[in-house]
Novice: 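There's a structure below that I have some questions on.
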2 protein chains.
Amino acid sequence: MGTLRYAILGLLNRKAMTGYDLSKEFQTSLAEFWHAKHSQIYPELKALAEDGLITFQTEITGTVLEKKVYSITEAGKTEFLQWEQSKSKIKRLPKDEFKLRLFFSDSLPKQAQIQLLTDQLQQHEQWLQRLHGDLSKFDTIPPADDAAFSDYLVLLGAISREKSMCDWLQTCIRLCETKTPFTTS
Amino acid sequence: MGTLRYAILGLLNRKAMTGYDLSKEFQTSLAEFWHAKHSQIYPELKALAEDGLITFQTEITGTVLEKKVYSITEAGKTEFLQWEQSKSKIKRLPKDEFKLRLFFSDSLPKQAQIQLLTDQLQQHEQWLQRLHGDLSKFDTIPPADDAAFSDYLVLLGAISREKSMCDWLQTCIRLCETKTPFTTS
DNA sequence: TCCGACATGTAACTGGTTACATGATTTG
DNA sequence: CAAATCATGTAACCAGTTACATGTCGGA
C-alpha cells in the first residue's frame, strides 16, 4: 500500500524533478502501469518531505516564478530499495467493466451480444497497433543495465496482453456465431 | 461510473436475492472481474430501492431472523438493459504494482532482478493451473443462450490473460539472462 | 452447547478524481 | 497580444476497504 510514494521515489532516484515534471512522467513513461494527477502528487511530495525521504530546493524560472526541485535523500534511497526488493504478491484481479457486461450478455439478443464483442475487439486492435508502432522505435534491444531496457520489457508486456485480449475476443465471437445458428432462419 | 449498481441489477435480473446472497456471488461467480464487500452492498441496495429500481420483501428464517429478499422492478430492468447495451470504452489501464517494480529494477543487481521475475512467474503459473482445473469442469461448451456460456467465455479470457502473462515473464527472464552475461566473471 | 454460517448494518479511513483557484513564461 | 505550457496548490466528492457492532440459525 501507499504505492504512489514508491513510484515517486523511484523517479526521483533516477533524477531530481519538480512536481510538474513528475506529473509528466506519469502521463508518459509510467502510463502503461501507473498514473496520478497533480492534485495527488503535490500533497504526497509534501508528506514525503516531512518524512525526510526527499528534500527540495527552490529555483527561479525567469524572474519571479518559483519551482521546487525535489531530490531523494539517503533515507529515501534505503526505503525505496527495500520496497523494490519486496515481493509483489498478485492482488485481487482488477475490475473489468467489459467482462461484467459480457457476463450478463445472455440477457441480450445474439446480434447485440456479437456487437458488444466486435466493438471491444476493434478498440483493442487499435491499441495493439499503436503499441507495435512504439516497438518499432527500438531498432535494437537495449542493454539490460540501461533504464530503456525496463521500458522495453514493459512494452513487450503490453503487446502480449493486447494480443491475448484480441485472440480471446475473436474466440468469443466465433463461439457466439457458431452456436445456435438457426434462431432467425 | 456507478458500476456496482449494474452488477447488482444484473444479478437480481437473474433471480431475487438477499444482500448476503449477492455478497456470495461477488466472491464466486463475479470474482474474476468484479468484487464488493457487504459494507458496500447494503448501502447500495438501500439507494437502489430508494430509486425504485429494486424492491424487497421481508422473509423470516427460523422464528425470528429477518432477511430482505430483493427483486428487480420494471424500471430496474429498463435501466439495466440500457447499460448492458451501452459501449464499454476501454478505461485507462489498471495499475500494476509488479510492472512498477520491474520498471525500476535497473536499480537492482541482475540476480535480484531475475528473482523478482521468477517469483512473479511462479505465482501466475499457479493461478493458471487453477483456471485449467476450472475449465476441465466443463465437459462440453454450454449453449450460447445459457448463463453458463458467459461463465465459460469469461474463464477462457482469464486463461488467455494468465497464459500471456507467463509467456511474457519467461521472455523477460530470457532477455535478462542472455544480456550482459559477463558481469561477474 | 458450541461453532460456523447466515444475516444486516454503520463508522472511519484511504486512494483517487473532478473541480476550483491562481499566476508566470514562452512561443507564434 | 493571445494561446499553450509551465507551475503549484486546495476542496469536495466518490469508490472502496477495514473495522466496529450485533444477533440468529443449524448441525455436530
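Convention: sequence-line order gives letters A, B, ...; per-chain numbering from 1.
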Novice: May I ask you to list the residues of residues 46-65 of chain B, by number, that have any heavy atom positioned under 4.0 Å from an atom of DNA chain D?
Specialist: T61(B), G62(B), T63(B), V64(B), L65(B)
Novice: Let me know the distance between NZ of K68(B) and C1' of dA7(C), rounded to the nearest Å.
Specialist: 11 Å
Novice: I need the OH-P distance between Y20(B) and dC25(D), as an integer number of Å.
Specialist: 15 Å
Novice: Indicate whether the side chain of S105(B) and that of Q113(B) have a donor and an acceptor atom separated by less than 3.5 Å.
Specialist: yes
Novice: So how far off straight is the helix from dT1(C)-dA28(D) to dG28(C)-dC1(D), going by the axes through five pairs at either end, to 10°?
Specialist: 30°
Novice: Is there a side-chain polar atom (N or O) of K24(B) under 4.0 Å from OP1 or OP2 of dC6(C)?
Specialist: yes
Novice: Rounding to an integer number of Å, can you tell me how far R5(B) CZ sits from dG16(D) P?
Specialist: 13 Å
Novice: I need the OH-P distance between Y42(B) and dT17(D), as an integer number of Å.
Specialist: 16 Å
Novice: Rounded to whole angstroms, how far apart are OH on Y70(A) and C1' on dA7(D)?
Specialist: 12 Å
Novice: Starting from P on dT22(C), measure out to CD on E66(A) and report it in whole angstrom.
Specialist: 19 Å
Novice: Is the shortest side-chain heavy-atom distance between K67(B) and I60(B) below 4.5 Å?
Specialist: no
Novice: Quick one about S107(B) and R14(A) (side-chain donor to acceptor, distance below 3.5 Å, no hydrogens or angles considered), yes or no?
Specialist: no
Novice: Distance check needed: dG16(C) P versus F26(A) CZ, whole Å only.
Specialist: 10 Å
Novice: By salt bridge (Lys or Arg N to Asp or Glu O under 4.0 Å), which residues pair with D119(B), not counting sequence neighbours?
Specialist: K87(A)
Novice: Go through the steps for T18(B) and D21(B) under the test side chain to side chain donor-acceptor pair (under 3.5 Å), then give the verdict.
Specialist: CA-CA 5 Å; T18(B) 67; D21(B) 295 331; 3.1 Å; yes
Novice: Going by the angle between their ring planes, with limits at 30° and 60°, are Y6(A) and W83(A) parallel, tilted or perpendicular?
Specialist: parallel
Novice: Side-chain N or O of K67(A) less than 4.0 angstrom from OP1 or OP2 on dT25(C)?
Specialist: no
Novice: Is there a side-chain contact between L30(A) and L11(A) (heavy atoms, below 4.5 Å)?
Specialist: yes
Novice: Restricting to pairs with a member in residues 101-125 of chain A, which pass ring-ring contact (aromatic ring centres under 6.0 Å, His included), not counting sequence neighbours?
Specialist: F103(A)-F33(B), F104(A)-F80(B)
Novice: Separation of K95(A) atom NZ from dA15(D) atom P, in whole Å?
Specialist: 10 Å
Novice: Cationic tip of K99(B) within the cone over W168(B)'s six-membered ring, i.e. under 6.0 Å and within 45° of the normal?
Specialist: yes
Novice: If you look only at pairs with a residue in residues 30-58 of chain A, which of them pass as a side-chain hydrogen bond (donor to acceptor under 3.5 Å, both in side chains), with sequence neighbours excluded?
Specialist: R5(A)-E44(A), R5(A)-D51(A), E32(A)-R161(A), H35(A)-R92(B)
Novice: State the CG-OG1 distance between L169(A) and T118(A), to the nearest 0.5 angstrom.
Specialist: 9.5 Å
Novice: Can you pull every protein N or O that's under 3.5 Å from an N or O on nucleotides 18-21 of chain D?
Specialist:
residue: dT18(D); atom: OP2; partner: K37(B); partner atom: NZ; Å: 2.9
residue: dT18(D); atom: O4; partner: S39(B); partner atom: OG; Å: 2.8

Novice: Using the closest heavy atom to pick a nucleotide of DNA chain C for each, name whichever of T18(B) or W34(A) lands nearer the 5' end.
Specialist: T18(B)
